[in-house]
Amino acid sequence: MSSPDIVLGPNQYGKAEVRVVRVNRDTPVHTLMDLNVSSMLRGDFTDCYTEGDNTRVIATDTQKNTVYAFAKEHGITTPEQFLLLLGRHFTEYAEVDGGRWTAESYPWERIQVPSSDGTLTEHEHSFVKSKQEIRTAALTIQNGDEHLMGGFSDLTVLKTTGSEFSGYPKDRYTTLPETRDRVMATDITARWLFAADVDAQEVDFDALYAQVKQIVMEQFALVHSLSLQQTLYAAGEAVLGAAEQIEDIRFVMPNNHHYVVDLSPFGLENPNEVFQAGDRPYGLMNASVTRRAAPERPQAWEWIGGFA
Ligand SMILES: O=c1[nH]c(=O)c2[nH]c(=O)[nH]c2[nH]1
């Protein structure tokens with residue numbers, strides 16, 4: 001029996017984590033795109049939930065098949081472009097008002113092999129997975145508006161000096177000693193939102209991706225850090241300063257603590273040379289760095305896990 005006091009809240013449904021590998025073999029030098037794509041549809045699917053009526057439900061299996069068919073028909077140039085193809089396709093259905101399409105892109109590099117003169121060259125069709133970070137993209141379509149994001153997750157960085165933490169309030173539970181020199185390490189996850197008026201045909205998403213990643217790493221290295229929060233902000237500010245297409249960049253940065261091991265029981269000094277790499281707990285910074293004039297676009301960020 002359904003109760004008149006209970007209603008269906010916000011909902012979306014689709015196929016999660018469609019693993020698609022697209023090989024381009026048009027020339028002997030093959031290229032490879034390796035994606036994990038999720039497609040989530042939004043619209044009035046109330047009757048499906050409350051009545052078991054599937055007449056409006058685009059099967060998740062169909063969504064999965066569409067990913068594979070589009071990979072063949074259109075190829076995969078960039079994760080962002082591929083999501084735009086999918087999102088625009090699914091929102092053509094009368095039943096679909098909008099949705100969220102996301103992709104992780106796993107980087108592969110060419111294996112280096114000796115050429116006839118002994119120097120190393122890139123092999124035409126053999127690859128090694130490069131594990132530095134995972135590139136991400138997300139597209140949300142709602143009320144006819146497109147919200148497109150680039151990003152990456154788990155870019156692990158560490159600096160052995162040039163980081164301090166002091167000046168914080170002390171209460172009776174504070175035991176952390178102030179430090180002028182510490183190891184700082186984090187796994188950077190970032191997502192950046194393209195301005196609504198950006199023409200996706202005009203953006204070189206690969207070049208922009210490389211630029212953002214480089215800027216974030218550079219800031220981590222070059223800023224003398226008074227806190228991980230300050231480093232985060234500096235990275236965001238530098239990205240917005242360099243890439244006018246981006247209006248908001250958000251970060252998730254755990255503070256991967258490195259504890260100086262007390263070697264005094266062994267009669268040894270330890271001037272920041274031997275550390276215990278902490279696991280849990282860890283500090284965690286979530287922040288958005290945005291242009292003051294940027295419009296509020298909460299739809300872009302809703303249900304994107306971990307981002308403030
Ligand atoms: O960079 C830091 N920010 C903090 O907020 C914090 N808190 C803490 O205990 N260590 C650190 N480090």
Side-chain angles (χ1 to χ4, degrees), residues 131-136 149-193 209 211-243 246-266 268-292 294 298 301-302 304-308:
K131 295 231 174 66
Q132 224 174 54
E133 85 285 359
I134 294 171
R135 179 170 168 180
T136 62
M149 286 180 194
F152 55 74
S153 61
D154 286 328
L155 181 69
T156 300
V157 288
L158 179 149
K159 63 196 294 183
T160 51
T161 189
S163 163
E164 47 182 286
F165 188 64
S166 64
Y168 45 86
K170 317 289 182 302
D171 68 16
R172 64 199 176 103
Y173 300 119
T174 306
T175 56
L176 183 75
E178 299 205 338
T179 174
R180 299 284 170 193
D181 189 2
R182 65 174 183 174
V183 164
M184 186 164 78
T186 183
D187 313 308
I188 306 176
T189 293
R191 288 190 186 270
W192 48 91
L193 179 61
Y209 179 83
Q211 188 188 12
V212 173
K213 178 182 163 190
Q214 177 60 27
I215 291 172
V216 169
M217 290 194 299
E218 252 169 47
Q219 293 300 304
F220 181 84
L222 297 178
V223 169
H224 179 94
S225 179
L226 301 179
S227 66
L228 183 54
Q229 292 93 322
Q230 184 209 20
T231 294
L232 179 159
Y233 188 81
E237 196 179 26
V239 169
L240 294 183
I246 297 174
E247 72 179 25
D248 185 355
I249 179 164
R250 302 191 181 191
F251 294 99
V252 177
M253 291 194 194
N255 191 354
N256 296 343
H257 304 299
H258 284 66
Y259 302 106
V260 179
V261 179
D262 178 9
L263 298 177
S264 62
F266 321 119
L268 296 171
E269 306 255 296
N270 187 6
N272 268 352
E273 288 175 327
V274 179
F275 297 86
Q276 181 202 346
D279 175 13
R280 285 173 266 188
Y282 48 88
L284 187 62
M285 316 309 163
N286 283 169
S288 149
V289 185
T290 188
R291 296 186 196 281
R292 202 183 290 281
W301 299 100
E302 269 161 16
I304 293 250
F307 285 85

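Position 1 is the first residue of the sequence, and the numbers go up from there. Indexing begins at 1, ligand by ligand and atom by atom, following the structure's order.
- Classified by interplanar angle (parallel below 30°, tilted 30° to 60°, perpendicular above 60°), the ring pair Tyr259/His257 is tilted.
- Counting atoms of ligand 1 from 1 in the listed order, those under 4.0 Å from a heavy atom of Ser227 are 1 (O).
- Polar contact check, Arg182 against ligand 1: a nitrogen or oxygen pair lies under 3.5 Å apart.
- Legend: residues meeting salt bridge (charged side-chain N to carboxylate O under 4.0 Å, His left out) with Glu269, ordered by chain and number and at least two apart, are absent.
- For the pair Met285 and ligand 1, a heavy-atom separation below 4.0 Å is found.
- For ligand 1, the polar-atom distance check finds an N/O of Asn255 within less than 3.5 Å of one of the ligand's N/O atoms.
- Among all non-hydrogen protein atoms, the one lying nearest atom 3 (N) of ligand 1 is Gln229 OE1, 2.8 Å.
- Two rings, from Phe152 and Trp192, have their centers less than 6.0 Å apart.
- Residue contact check: Leu228 has heavy atoms under 4.0 Å from atoms 1 (O), 2 (C) of ligand 1.
- Of the residues listed (Asn286, Leu284, Thr186), the one engaging Met253 in a side chain to side chain contact (heavy atoms under 4.5 Å, CB included) is Thr186, and it is the only one.
- Among all non-hydrogen protein atoms, the one lying nearest atom 9 (O) of ligand 1 is Leu176 CD2, 3.4 Å.
- A donor-acceptor contact closer than 3.5 angstrom is absent between the side chains of Thr136 and Ser153.
- Looking only at protein heavy atoms, the nearest one to atom 8 (C) of ligand 1 is Phe165 CE2, 3.5 Å.
- Not counting sequence neighbours, the partners of Lys170 by the salt bridge (charged side-chain N to carboxylate O under 4.0 Å, His left out) test are Glu178.
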